[in-house]
Amino acid sequence: TELEIERMLSLSAAREFSAALAIAQGSLDRVEDVVQRMIVLYEIITCSTWLGLAEQTVAAVQALDPLVGAEVANVYVAMTRAAVDVEAGRSNEALELINKNLESSFMHTEDYKDWLYDQFVLKAHALTRLARCAEALAVLDEAIAVLPGGRYEASILVCRSNCLMATHDYENAFIAAEAATTKGEAELAATGMLQMAECRMWQRRVPEALALYLQLEKELPRKYIDANRVQTGITRAIAFLEKRSPQMKPF
């Protein structure tokens, strides 16, 4: 069962929700340990919510009720739905769910600080997508206060950089993006590098920007990077340098 649970969690983390759900449902009747049963039920909620399978979600909530209580189970569902909404571009709907979740008193206890941290990070992303960057920066600070160095550290830095760029604070945006490249998450590191390049373009430090764009080009494809955006940056940087110094070769 432990191997099944590990496989289930790995598939879910990779967003292979159908495969993870199949393992979870197949192992549920055989799980005797209470903690493992809770993990399986939470994964059923996660996967079924992302897949839009309402009946499976409701059944998992009912099974969780005697283990954690209805309030906790329903908040977990709302957390998952909020994540789905943010990805689907429904940031206002996500914020409604998140703010309601944050009103639950149990969320502010030591046992659930991981959930509280997750909700603050997700709220910041939703606010950023709505161009409410000053609010997003404040919420990011709340997330860090709850769990310094948490699992979304790189994501927080990328989000912070994005918000600082929107407020034209390009140097601090560059610093945040550069820090994101050191956290060992390749996909977010690539996003950080792109933000670094764009900060330097806005600062008219074009040779530095071009060097970053060219370095990033070698690492493509990357999950969160639009290759056309990188090529546009390279083209703009070269055009700028050639216009400023026609005799200068950028390569």
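Sequence positions, counted from 1, serve as the residue numbers for this chain. These numbers come from a predicted model, not from an experiment.
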**Student:** What class does the angle between the rings of Trp115 and Tyr42 fall in, given that below 30° is parallel, 30 to 60° is tilted and above 60° is perpendicular?
**Tutor:**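 Correct class here is perpendicular.
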**Student:** Is it true that atom CZ of Arg205 has more than 12 heavy atoms of other residues, nucleotides or ligands lying nearer than 6.0 Å?
**Tutor:**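 Count over threshold, so yes.
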**Student:** Parallel under 30°, tilted from 30 to 60°, perpendicular over 60°: which one fits the rings of Tyr112 and Phe106?
**Tutor:**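 Tyr112 and Phe106: perpendicular rings.
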**Student:** Would you say that Leu21 contacts Gln25 through its side chain, given a criterion of any heavy-atom pair below 4.5 Å between the two side chains?
**Tutor:**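 The answer is yes; the side chains approach within 4.5 Å.
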**Student:** To check you understand the geometry: which heavy-atom pair defines the closest contact between Ala70 and Asp65, and what is its length?
**Tutor:**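 Heavy atoms of Ala70 and Asp65 come nearest at N-OD1, 3.2 Å.
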**Student:** So, the side chain of Arg30 versus the backbone of Gly26: is there a donor-acceptor pair under 3.5 Å, distance only?
**Tutor:**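 Between the backbone of Gly26 and the side chain of Arg30 there is a qualifying donor-acceptor contact (under 3.5 Å).
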**Student:** Just by modelled atom types, is the Lys223 backbone N or O under 3.5 Å from a matching donor or acceptor in the Glu187 side chain?
**Tutor:**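 At least one qualifying donor-acceptor pair exists.
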**Student:** Evaluate the side chain to side chain contact (heavy atoms under 4.5 Å, CB included) criterion for residues Ser161 and Met165: first the C-alpha distance (whole Å), next the side-chain angles of each, then the deciding distance (0.1 Å), finally the verdict.
**Tutor:** CA-CA 6 Å; Ser161 177; Met165 287 175 68; 4.2 Å; yes
**Student:** Determine the sole option in Ile144, Ile156, Leu122 for which the side chain to side chain contact (heavy atoms under 4.5 Å, CB included) test with Tyr117 is passed.
**Tutor:**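 Exactly one candidate clears the test, Ile156.
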**Student:** Compare all side-chain heavy atoms of Ser155 with those of His125 and state whether any distance is below 4.5 angstrom.
**Tutor:**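 The answer is yes, as the side chains (C-beta and beyond) meet within the 4.5 Å cut-off.
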**Student:** When you compare the side chains of Gln195 and Glu178, does any donor N or O come within less than 3.5 Å of an acceptor on the partner?
**Tutor:**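 Judged by distance alone, the side chains do not pair up.
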**Student:** Does atom CD (Glu32) have a neighbourhood of more than 12 heavy atoms from anything else shown, all under 6.0 Å?
**Tutor:**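 Open: at most 12 neighbouring heavy atoms sit under 6.0 Å from CD of Glu32.
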**Student:** Check step by step if side chain to side chain contact (heavy atoms under 4.5 Å, CB included) holds for Tyr170 and Arg200.
**Tutor:** CA-CA 8 Å; Tyr170 299 116; Arg200 288 304 189 233; over 6 Å; no
**Student:** Just wondering, do Leu9 and Glu4 contact through their side chains at under 4.5 Å, heavy atoms?
**Tutor:**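 Counting from C-beta outward, Glu4 and Leu9 never come under 4.5 Å.
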**Student:** Ignoring hydrogens, what is the shortest heavy-atom contact between Leu97 and Ala82? Give both atom names and the distance.
**Tutor:**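 It is CD1-N, 3.8 Å.
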**Student:** Run the side chain to side chain donor-acceptor pair (under 3.5 Å) check on Glu208 and Gln203 step by step: do they pass?
**Tutor:** CA-CA 10 Å; Glu208 295 174 58; Gln203 292 174 308; over 6 Å; no
